[in-house]
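Counting starts at 1 for both ligands and their atoms, in listed order.
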Amino acid sequence: MKKHNFSAGPCILPTEVMQKASEAIQELDGIGLSLIEISHRSKEFVTIMEKARSLALELMGLQGKGYQALFLQGGASMQFLMTAFNLLDKKAGYVNTGTWSQKAIKEARLFGDVVEVASSQEDNFRYIPKGFDIPSDMDYLHLTSNNTIYGTQFKEFPKTDVPLVCDMSSDIFSRQLDFSQFDLIYAGAQKNMGPAGTTLVVVKEDVLGKVSRKIPSMMDYSMHISKDSMFNTPLVFAVYVSMLTMQWLKDLGGVAVIEEINERKANLIYSEIELNPVFSGIAAKEDRSIMNATFNITDDELKDIFDDMCKEAGISGINGHRSVGGYRASMYNALPMESVGVLVDIMSELEKKG
Ligand SMILES: *Cc1c(COP(=O)(O)O)cnc(C)c1O
C-alpha cells in the first residue's frame with residue numbers, strides 16, 4: 001500500500017508524473033530510446049528543456065517580462081553562493097529566518113558586506129520579521145519565502161527599490177504571488193517540482209552584469225542564459241520530471257488553483273492543531289506555512305501512542321527537524337487532501353485516548 005507521504009523533501013510528486021517518468025526511462029515518446037540514453041543536444045531533449053523553461057515562466061506569469069528560467073545544478077546550496085557571485089558588488093541585505101538563510105549569509109560573506117537587516121533567531125525562528133528598515137544602498141535583499149524547518153512563510157514581501165532575491169525552495173509553485181516583484185528566484189526544487197537535485201533559477205536579465213569581479217563560466221547566469229540553459233550537460237531526468245510536474249499543474253488550472261487546494265489542506269490541519277488540546281502549533285499563527293505545519297504534542301505520554309497510530313495508518317515523514325523537534329507535516333502540491341484527512345483523524349482520535 002502506498003503511504004501518506006508527508007516528507008519535507010525530497011517528497012511526494014504527482015502519481016501520473018511518476019508514471020510518465022518511469023515510462024520515459026524505458027522509452028521516450030515512442031522514439032525507441034530511453035530519456036536517459038539520448039544526447040541532451042537531441043531535438044527530443046532540446047524540446048523538453050525549452051518546454052520546461054517556458055512553463056516555469058508561464059506559471060509565474062513572467063513571460064515577456066525580461067526574465068529567463070534556468071535549470072542548473074548544485075541545488076539551492078549552490079545558489080547561496082552563485083547569487084552573491086553574480087549580484088553582490090559591495091553590500092547586500094539578508095533576512096535571517098533560519099538555517100537556510102544562515103547558510104546563504106555564510107556564503108555571501110565571501111563576496112562582500114552582508115547586513116542582517118532582520119532576524120527571528122531570538123525566538124528560534126518561530127515568526128517572520130516585519131517592518132524592518134531596508135537601507136537603499138544595497139545590491140539586493142535576500143529572503144527565504146518558506147522556512148521548511150520551522151514552518152513559517154512570508155505572506156507579504158517587503159516593498160523596496162532594492163532588487164529582491166528569494167529562496168523559494170519549499171514553496172515554489174504553491175501559491176499565487178506577484179512574481180515580478182522579485183529580481184531573482186531560486187529553488188532546490190526537490191520539494192514541489194522534481195527529483196532530488198532539481199535546481200531552478202528565474203532571473204530578470206537586467207539585474208545581471210553589474211558586479212566588477214570575474215565570474216567563472218559555470219557560475220555565471222549570463223553564460224547559462226546565452227547557452228539556453230545547456231552550457232554543459234543538464235540534469236536531463238530532473239528537467240524532464242519538472243516539465244511533467246509543471247504541465248500537471250498547468251492542466252490543473254495553474255498556481256491559483258493549487259493555492260486554493262493547499263489552503264484547504266493547511267486549514268484542515270491547523271484547525272485541528274488549534275482545537276485539539278493534545279497538540280500545540282510551533283510557528284506564530286500569522287506566519288504559518290501552507291506547506292509545512294509544525295506542531296508539538298502537549299502530553300509526552302501520548303507520543304508513543306501517536307507514533308504507533310501514524311505508523312499503523314501508513315503516515316510517513318512527520319517527524320520534526322532535529323533543530324525544532326516535535327512534528328512537521330509537509331503538504332506539498334502533490335499531497336492529496338485525503339492524506340491530511342487521515343492524519344487529522346488520528347489526531348482527533350488521540351484526543352479521546354488522552
Ligand atoms: C531544502 C532547502 C534548501 C536546500 O536545498 P538543496 O537543494 O539541498 O541545496 C535551501 N533552502 C530551503 C528553503 C530549503 O527548504
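At a threshold of 4.0 Å, the pair Asp89-Lys210 does not count as salt-bridged, since none of the basic side-chain nitrogens sits closer than that to a carboxylate oxygen.
Every residue was checked against the salt bridge (Lys or Arg N to Asp or Glu O under 4.0 Å) condition with Lys3, not counting sequence neighbours, and none meets it. By the side chain to side chain donor-acceptor pair (under 3.5 Å) test, Thr294 pairs with no residue at all, sequence neighbours left out. Every residue meeting the salt bridge (Lys or Arg N to Asp or Glu O under 4.0 Å) condition with Asp123, not counting sequence neighbours, appears here in chain and number order: Arg126.
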List, pair by pair, the atoms of ligand 1 and of the protein that are both N or O and lie under 3.5 Å apart, giving the separation rounded to 0.1 Å.
from, atom 1, to, atom 2, distance (Å)
ligand 1, 7 (O), Ala76, N, 3.0
ligand 1, 7 (O), Gln190, NE2, 2.9
ligand 1, 8 (O), Gln190, NE2, 3.4
ligand 1, 9 (O), Ala76, N, 3.2
ligand 1, 9 (O), Ser77, N, 2.8
ligand 1, 9 (O), Ser77, OG, 2.6
ligand 1, 11 (N), Asp167, OD2, 2.7
ligand 1, 15 (O), Thr148, OG1, 2.4
ligand 1, 15 (O), Lys191, NZ, 2.7

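Test Glu50, Met49, Lys51 against Arg53 for side-chain contact (heavy atoms from CB on, under 4.5 Å) and you get one pass: Met49.
Counting only N and O atoms by type, the side chains of Asn292 and Tyr332 include a donor and acceptor under 3.5 Å apart.
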